[in-house]
Number of protein chains: 2
Amino acid sequence: MPNIKQIAKIAGVSVSTVSRVINHHAYVSEDKRRAVMEAIVQLNYSRNLNAVHLSKGTTNIIGVMVPSINHAYFSRLMEGISSEALMKDYQLMVCQTNYNPVSEGKVLDMLKMKQMDGIIIGSKTLAWEQIEPFTEYGPIVACEDAGTSAISSVYLDHYDCFRQGMRYLIERGHRQIGFCLGRADSANSLKRRRAYEDALAAIHEAVREEWMFYQCLRIEDGLAVVHQWLRMRERPTALLVTSDQVAAGIITEARKNGIRIPEDLAVIGFDNQPIAQVFDLTTIDNQLFEMGSAAFQMAYDHITKKRTKPENRELGYLLIERSTV
Amino acid sequence: MPNIKQIAKIAGVSVSTVSRVINHHAYVSEDKRRAVMEAIVQLNYSRNLNAVHLSKGTTNIIGVMVPSINHAYFSRLMEGISSEALMKDYQLMVCQTNYNPVSEGKVLDMLKMKQMDGIIIGSKTLAWEQIEPFTEYGPIVACEDAGTSAISSVYLDHYDCFRQGMRYLIERGHRQIGFCLGRADSANSLKRRRAYEDALAAIHEAVREEWMFYQCLRIEDGLAVVHQWLRMRERPTALLVTSDQVAAGIITEARKNGIRIPEDLAVIGFDNQPIAQVFDLTTIDNQLFEMGSAAFQMAYDHITKKRTKPENRELGYLLIERSTV
DNA sequence: ATGAAAGCGCTAACAA
DNA sequence: TTGTTAGCGCTTTCAT
């Protein structure tokens with residue numbers, strides 16, 4: 001592989017002139033520029049990015065920490081990140097962690113090792129205190145509420161959001177309400193559960209453990225929910241489901257079993273994914289794409305020093321009324 | 001940020017010894033090793049990966065070229081790639097191209113610029129001849145038939161596969177068969193169309209343009225298909241749909257319109273995604289996960305010189321009989 | 001077992 | 001406008 005030195009030699013100039021040409025700097029005479037360009041073509045030259053990165057101390061790479069690449073929620077989020085990265089000519093290093101703390105640590109380490117200029121956290125299991133020290137090495141933006149930590153974040157108020165879902169159901173006469181969440185112990189789940197309990201308390205309904213479904217992450221998880229529902233003596237008349245995929249699974253299996261939606265069972269989904277539209281599913285749009293692009297922008301602004309302090313940006317959400325309630 | 005030199009100084013050894021310790025080389029006395037380790041902890045040192053990459057000439061990064069990050073097909077494929085990469089300690093640079101030739105070219109350029117050690121192509125629009133020259137800079141593995149080019153590939157025989165789908169439908173009495181494909185001009189689509197035409201010719205049925213749907217990529221694309229189907233005077237009794245998502249969209253919209261599946265319309269999907277299971281959809285499993293992991297392994301073997309010649313590996317497929325035919 | 005030193009290829013400050 | 005040169009931080013060969 002030819003290097004800048006050989007180009008310089010052939011073009012009859014110094015390496016700095018070559019560098020200037022490559023980087024489109026001013027103050028290069030037209031004939032030298034041409035000579036360099038010709039040499040570049042002649043030798044089929046390309047810069048060695050590792051050398052560039054080492055020399056500059058930056059990489060134009062953003063790391064994306066997600067538990068799973070193949071999950072509608074993160075796919076949509078990454079799409080938002082990617083669209084913004086594409087415009088700014090940044091590359092994405094997608095790191096699948098499977099919620100493994102060791103894997104998550106490795107991603108943080110890569111920031112320290114200057115492999116990437118910043119990190120966007122889609123979701124994680126590590127505590128904020130374990131992540132915080134790494135902000136020294138570059139911006140870290142979380143796509144969830146980072147609480148009082150010094151980590152930037154784009155998030156929405158899941159308590160509020162869940163409360164609104166509950167309110168909507170209650171206003172339509174439901175009192176027996178259940179929910180489907182993902183990880184039982186995640187911060188978001190905890191908030192949602194609190195919202196759920198508060199909402200029930202407000203209408204003097206007791207909380208029932210058996211109406212709370214956890215580990216509902218994918219479309220197929222909806223099936224088990226329906227079967228459990230069928231086995232119950234007392235059944236919830238409505239379900240707040242924090243994933244359109246799971247909601248779609250529930251609806252499909254429900255219909256197969258002759259359960260009428262929403263008459264027998266009302267369902268509210270989350271995310272407003274395309275599948276929600278197809279199912280005519282009432283859902284809460286939590287702006288995943290926008291969250292992704294906002295996260296990238298935030299990281300970008302920090303890298304380019306447009307900002308220095310951590311930011312916390314709350315996004316809105318929108319209840320989309322369709323036919324499953 | 002501390003560097004190897006400072007560590008050496010504090011530990012009272014040379015930089016080479018530090019390097020040996022970091023890289024777990026043999027021939028380092030126990031006390032020096034300990035001294036180095038202590039210095040590393042003391043200064044909170046981490047290697048600068050850009051320097052490592054420059055020095056070594058490799059990066060342990062594989063580029064993944066996909067038109068879209070947020071698409072079930074590529075998500076599943078990337079999951080396969082990722083699972084293998086995780087085991088081998090490789091990082092994934094996911095590059096979304098939107099089938100833009102310029103973006104695709106940039107990914108290839110990054111290989112030349114030594115930003116990545118190899119590339120896995122999920123799908124592309126560039127011609128093989130335009131890609132082939134870049135194999136000089138590192139292994140390129142395509143997740144589709146790369147024809148006679150010198151590019152490695154993992155693929156399945158889409159002609160055969162489509163033929164089998166047709167055969168299955170025909171055996172069950174269908175003669176009026178349509179299909180839903182993605183990009184009209186892709187190599188795969190062309191093969192499938194040929195298979196379709198050959199299958200019809202074999203039963204002396206004419207080919208009808210209006211029964212061939214293109215640009216069917218996402219779940220929501222299924223709706224339009226159903227509406228067009230409804231408007232037809234003569235309708236196909238069966239549809240071969242190269243995406244479970246689209247098939248699910250079709251089924252959902254069909255049921256909503258009182259169309260019975262499979263009595264009025266039989267549907268075969270593709271990919272055997274989780275959604276196919278939920279919909280009890282007859283589908284053809286084309287082993288996307290395995291394709292992804294095989295692609296990574298292939299790239300890996302070339303990088304580590306276990307192989308040098310381009311490989312072409314054909315994967316099997318499996319028709320999964322469920323209830324939509 | 002250890003160290004000196006020559007790269008790896010580029011950027012950018014400085015001098016001219 | 002151009003060139004010289006000192007880094008960037010690490011690996012690895014070659015001596016010892």
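Residue numbering restarts at 1 for every chain, and letters A, B, ... go by the order of the sequence lines.
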Colleague: Any side-chain heavy-atom pair from B:Met93 and A:Ile61 closer than 4.5 angstrom?
Modeller: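 A side-chain contact exists here, since the closest heavy-atom pair is under 4.5 Å.
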
Colleague: Considering residues at least two apart in sequence or located in another chain, which fulfil the side-chain contact (heavy atoms from CB on, under 4.5 Å) criterion with B:Val15?
Modeller: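 With neighbours one apart ignored, the set is B:Ile4, B:Lys5, B:Ala8.
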
Colleague: Report yes or no: does A:Ser153 contribute a side-chain atom to a donor-acceptor pair with the main-chain N or O of A:Asp145 at less than 3.5 Å?
Modeller: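 Checking the backbone N and O of A:Asp145 against the side chain of A:Ser153, no donor-acceptor pair under 3.5 Å is found.
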
Colleague: Could you check which residues of residues 26-41 of chain A get a heavy atom under 4.0 Å from DNA chain C? Sort them by number, please.
Modeller: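 Heavy-atom contacts with DNA chain C come from no residue of residues 26-41 of chain A; none.
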
Colleague: Show me the side-chain donor-acceptor pairs of residues 292-303 of chain A shorter than 3.5 Å, one per line, residues at least two apart or across chains.
Modeller:
from: A:Ser293; atom 1: OG; to: A:Phe289; atom 2: O; distance (Å): 3.3
from: A:Ser293; atom 1: OG; to: A:Glu290; atom 2: O; distance (Å): 3.2
from: A:Gln297; atom 1: NE2; to: A:Glu84; atom 2: OE2; distance (Å): 2.9
from: A:His302; atom 1: ND1; to: A:Met298; atom 2: O; distance (Å): 3.0
from: A:His302; atom 1: NE2; to: A:Lys309; atom 2: O; distance (Å): 2.7

Colleague: Cut-off 3.5 Å, no hydrogens considered: what does the side-chain donor-acceptor table look like for residues 133-143 of chain A, sequence neighbours left out?
Modeller:
from: A:Thr135; atom 1: OG1; to: A:Glu132; atom 2: O; distance (Å): 2.7
from: A:Tyr137; atom 1: OH; to: B:Asn44; atom 2: ND2; distance (Å): 2.9

Colleague: Only one of B:Asn60, B:Thr59, B:Leu49 clears side-chain contact (heavy atoms from CB on, under 4.5 Å) with A:Gln115; which?
Modeller: B:Leu49

Colleague: I'd like to know if the side chain of B:Lys88 and the backbone of B:Tyr90 have a donor-acceptor N/O pair within less than 3.5 Å.
Modeller: no

Colleague: Can you list, pair by pair, the side-chain donor-acceptor contacts under 3.5 Å of residues 63-72 of chain B, counting residues two or more places apart and other chains?
Modeller:
from: B:Ser68; atom 1: OG; to: B:Asn70; atom 2: N; distance (Å): 3.1
from: B:Ser68; atom 1: OG; to: B:Arg218; atom 2: NH2; distance (Å): 3.4
from: B:Asn70; atom 1: ND2; to: A:Glu79; atom 2: OE1; distance (Å): 2.9
from: B:His71; atom 1: ND1; to: B:Tyr73; atom 2: N; distance (Å): 3.1
from: B:His71; atom 1: NE2; to: B:Leu217; atom 2: O; distance (Å): 3.0

Colleague: If the sugar-phosphate is the primed atoms plus P, OP1 and OP2 and the base is the rest, what is the B/S/- string for nucleotides 7-16 of chain C, using protein heavy atoms under 4.0 Å?
Modeller: BBBBBB----

Colleague: Taking only the side-chain nitrogens and oxygens of A:Thr17, find out if one of them lies under 4.0 Å from OP1 or OP2 of D:dG3.
Modeller: yes

Colleague: Between atom CD1 in B:Ile7 and atom P in D:dC10, what is the gap in whole Å?
Modeller: 9 Å

